[in-house]
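Here's the structure, in structure tokens; my notes come after.
Each residue takes its place number in the sequence, starting with 1.
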Amino acid sequence: MNEEELREGLRSEMAGTTPPPPLSTTAALGAARRTHFRRRAVWASLGSAAVVLAVTGFAAVATPDGHVYQPAGDGPLVAPDTKEPWPTGPDGQPQEDRTARAGSRYEQGIHLLREVVSVVPAGFTAPEDPPGQSEPTLRTHQAQFEDKVNGVDVWSYLTSVAVAKGTGTGRVIVEVHDAPNPLPAEPCDLAQKFWGMRGECRVETVGATRVGVVVRPSDDDRLDQWSAYRHPDGVVVFVAQSVRLDESRPALTKLPFSVPQLAALAVDERFHLK
């Protein structure tokens, strides 16, 4: 057909097509921000092809009423969006999404980052991002609203720190969940809840406490080992490590912490945020 026939055909087709419901931009942007930190912190280690798969796996779908659906079990615990207002930010107004970008919760995330840097073992360093870099990759932190339980705001704090030795660079991650959260108390049940990952778990004893440690993932290579502990007050701490930061850098020849050390870090009071 010629140009005029093509134009008329397109007009007829568009006129006869029922338009889709409008996209909720607020819901879509909120979902994108929530996944941004995690993809930047971990999925870079899987290479560009795997990043495409990861983005697909974490995709959020906005329905006409603004509700956001996210698949469960493929990342850190994330409560579904609701129509209830977000927590109040430092300016006295509701936050625009789950992530705190100022105020006491944000400062708590910075505090956790400093504590993670402080436990990097002797012989290793914790490199910093170059000055002026817009998107940090070597030291990152996030404070996120999870849910409201019995009128109490429940938050989680996620920190990732690059750990280097020689030419290799790995990663240490600490994630803390406020009480009251729905996570289990049994050590290995708790460890298997971390980011939906599973693996060979054993219970380590640290003083009078029992800590679940996954020493070998079953089918997930995002991280190599992680420990989990639920404090008596309900605060949950996960500590994870990996020999690789991302595909652009050589991996460490050994993990920064032994299994007993990883277990001890989970009960360390420096990570017991209150």
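- Screening residues 99-205 for disulfide bond (SG atoms under 2.5 Å apart) gives Cys188-Cys201 as the qualifying pairs, with residues at least two apart or on separate chains.
- How far CD of Glu107 is from NE2 of His141: 8.5 Å, rounded to the nearest 0.5 Å.
- Remark: Asp147 CG to Trp155 CH2 distance equals 12.5 Å, nearest 0.5 Å.
- A disulfide bond (SG atoms under 2.5 Å apart) check over residues 240-274, counting only residues at least two apart or in different chains, returns nothing.
- A side-chain donor from one of Trp195 and Glu175 sits under 3.5 Å from a side-chain acceptor of the other.
- No path of Ile, Leu, Val, Met, Phe, Trp and Tyr side chains, each step under 4.5 Å between heavy atoms, connects Val154 with Val174, placing them in separate hydrophobic clusters.
- More than 12 non-hydrogen atoms from other residues, nucleotides or ligands lie less than 6.0 angstrom from CZ of Phe124.
- Contacts classified as disulfide bond (SG atoms under 2.5 Å apart) and involving residues 214-257 (residues at least two apart or in different chains) are not found.
- Taking 4.5 Å as the limit, some side-chain heavy atom of Val176 sits within range of a side-chain heavy atom of Val235.
- Side-chain contact between Leu273 and His111 is present, with at least one heavy-atom pair separated by less than 4.5 Å.
- Here side chain to side chain donor-acceptor pair (under 3.5 Å) pairs that include residues 204-217, with residues two or more places apart or in two chains, are Glu200-Arg216, Arg202-Glu204.
- With sequence neighbours left out, Tyr157 forms a ring-ring contact (aromatic ring centres under 6.0 Å, His included) with no residue at all.
- The disulfide bond (SG atoms under 2.5 Å apart) contacts involving residues 207-244 comprise nothing, where partners must be two or more places apart or lie in separate chains.
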